[in-house]
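Structure record follows, encoded as structure tokens.
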Amino acid sequence: MGEIFQIPPEKTPQHVAIIMDGNGRWALSRGKPRLAGHRAGTENLRRIIRASVEFGVRYLTIYAFSTENWGRPPAEVKGLMHIFENVIDQELEELHEEGVQLRHIGRLEKLTPKLHKKVLAAIDLTKDNTRLVLNIAFNYGGRDEIVYAVQNMLRDGVSAEEVNIELINQYLFTVGSPDPDLIIRTSGELRTSNFLIWQSAYSEWYITPTFWPDFDREEYAKALKTYAERDRRYGGVSDEHYG
Ligand code: IPE
Ligand code: IPE
Ligand code: MG
């Protein structure tokens, strides 16, 4: 374990969201197949979940598979499904013991019935845990989420006058989680890639060239320290900027 984490709770982000990118390049740089990178990424996820609990983060959202990732070669897609299934099989008990509440954001329908069932069982098992909410974005797309929300609002007979920001929040996959305070993207790309496009309206971003499997506790702590120094103005003016 590294240095003691020293950020006051009021400066710690309540909700951190992570675009876990760079597994493929991490593997290629080591002469390994891409799936080895995804496996290493999964190992790292375990460390970052622990660190989140340690640092006092209450909501962690991780981008594991996007609606666009179906366009990858079939062997990689199959491998990613397999890894997701293994993670549930191998980690669920420990996550449950650590007080982690699992939630899923995205569409489960497209997954195999077996995987679909496993995800639902994991959600049910951990539903009363309160230490950390872990939202797993798997087959998630921000645009798809908005389509899903609009469809359900129309099905429920919501009138035009009733539509407002709060109501839309209620219809998103992320209902029950506050907007992310901090979004981390590993591997250096400067784009959202369809992640939380509605919820990130006022999120702070931390982008690092580090590939996801190498994004460790120390770098996570650095991201949180950087966040603690940000001035979140939400379109207003902070006191020190008045003449
Ligand atoms: C992120 O790593 C994991 C997923 C998208 C599933 P990538 O697989 O995108 O890795 P790079 O970006 O090709 O290095
Ligand atoms: C975003 O990474 C999706 C996940 C991390 C799951 P991608 O690697 O799919 O994004 P692009 O293709 O670089 O935009
Ligand atoms: Mg990528």
Side-chain angles (χ1 to χ4, degrees), residues 15-49 52 59-91 102-112 115-116 118-119 134-148 172-174 177 180 182-200 203-216 219-220 223:
H15 183 175
V16 175
I18 307 181
I19 302 177
M20 309 184 292
D21 198 13
N23 292 347
R25 279 163 284 169
W26 180 92
L28 286 183
S29 71
R30 285 166 174 73
K32 293 181 178 180
R34 291 178 60 85
L35 279 174
H38 294 312
R39 279 192 291 272
T42 305
E43 286 296 308
N44 192 45
L45 176 59
R46 186 188 298 169
R47 291 190 279 270
I48 294 301
I49 293 171
S52 298
Y59 297 81
L60 177 66
T61 299
I62 49 154
Y63 204 9
F65 191 89
S66 75
T67 46
E68 287 71 37
N69 289 149
W70 293 103
R72 294 190 177 198
E76 183 166 346
V77 171
K78 213 171 150 197
L80 286 165
M81 296 292 146
H82 197 66
I83 289 172
F84 187 31
E85 203 171 320
N86 277 350
V87 169
I88 298 175
D89 287 342
Q90 290 165 17
E91 308 295 332
L102 286 175
R103 294 182 189 170
H104 172 260
I105 62 172
R107 305 235 196 192
L108 285 176
E109 305 91 82
K110 218 175 159 185
L111 310 186
T112 63
L115 182 52
H116 188 152
K118 271 187 194 184
V119 176
L134 177 63
N135 291 311
I136 302 176
F138 197 95
N139 192 20
Y140 171 88
R143 288 179 168 179
D144 182 54
E145 179 176 42
I146 292 168
V147 168
Y148 174 86
L172 297 175
F173 295 130
T174 49
S177 294
L182 174 67
I183 302 182
I184 295 170
R185 183 164 188 153
T186 58
S187 92
E189 309 300 348
L190 303 175
R191 51 180 174 258
T192 68
S193 300
N194 206 7
F195 188 48
L196 303 176
I197 53 175
W198 167 277
Q199 298 87 338
S200 63
S203 302
E204 297 293 325
W205 284 82
Y206 179 87
I207 294 175
T208 169
T210 307
F211 295 140
W212 170 248
D214 292 330
F215 183 85
D216 59 11
E219 187 155 359
Y220 189 18

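One-based numbering, in listed order, for ligands and for the atoms of each. Index from 1, following the sequence.
The neighbour count for R143 CZ, taken as heavy atoms of other residues, nucleotides or ligands under 6.0 Å away, does not exceed 12.
Comment: R185 engages D21 in a salt bridge, judged by a side-chain N to carboxylate O separation of less than 4.0 angstrom.
In this structure, Y140 and F195 have perpendicular ring planes: the angle between them is above 60°, well past the 30° mark.
Between the Y63 side chain and the S193 main chain, a donor and an acceptor come within less than 3.5 Å of each other. Side-chain N or O atoms of W212 include one that pairs as donor or acceptor with a backbone N or O of G41 at under 3.5 Å. Judged purely by atom type and a 3.5 angstrom limit, H38 has no side-chain atom pairing as donor or acceptor with the backbone of N23.
To the nearest 0.5 Å, the span separating OG on S203 from CD1 on I184 amounts to 11.5 Å.
In terms of polar-atom proximity, defined here as any N/O pair under 3.5 Å, W26 makes no such contact with ligand 1.
When all heavy atoms of R72 and V77 are compared, the closest pair comes out as O-CG2, 3.6 Å.
Using a 4.5 Å heavy-atom cutoff, the side chains of T61 and P180 are not in contact.
Less than 2.8 Å away from the Mg ion (ligand 3), the protein contributes these N/O/S atoms: D21 OD1.
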What does the N/O contact table under 3.5 Å look like for ligand 2?
from, atom 1, to, atom 2, distance (Å)
ligand 2, 8 (O), D21, OD1, 3.2
ligand 2, 8 (O), R72, NH2, 3.2
ligand 2, 9 (O), N69, ND2, 3.0
ligand 2, 9 (O), R72, NH2, 3.4
ligand 2, 10 (O), R185, NH2, 3.4
ligand 2, 10 (O), S193, OG, 3.4
ligand 2, 13 (O), R191, NH2, 2.9
ligand 2, 14 (O), R191, NE, 2.8
ligand 2, 14 (O), S193, OG, 2.6

**OP:** Determine, step by step, whether F84 and F65 satisfy the ring-ring contact (aromatic ring centres under 6.0 Å, His included) criterion, reporting the C-alpha distance in whole Å, the side-chain angles of both residues, the deciding distance to 0.1 Å, and the verdict.
**Re:** CA-CA 10 Å; F84 187 31; F65 191 89; 9.1 Å; no

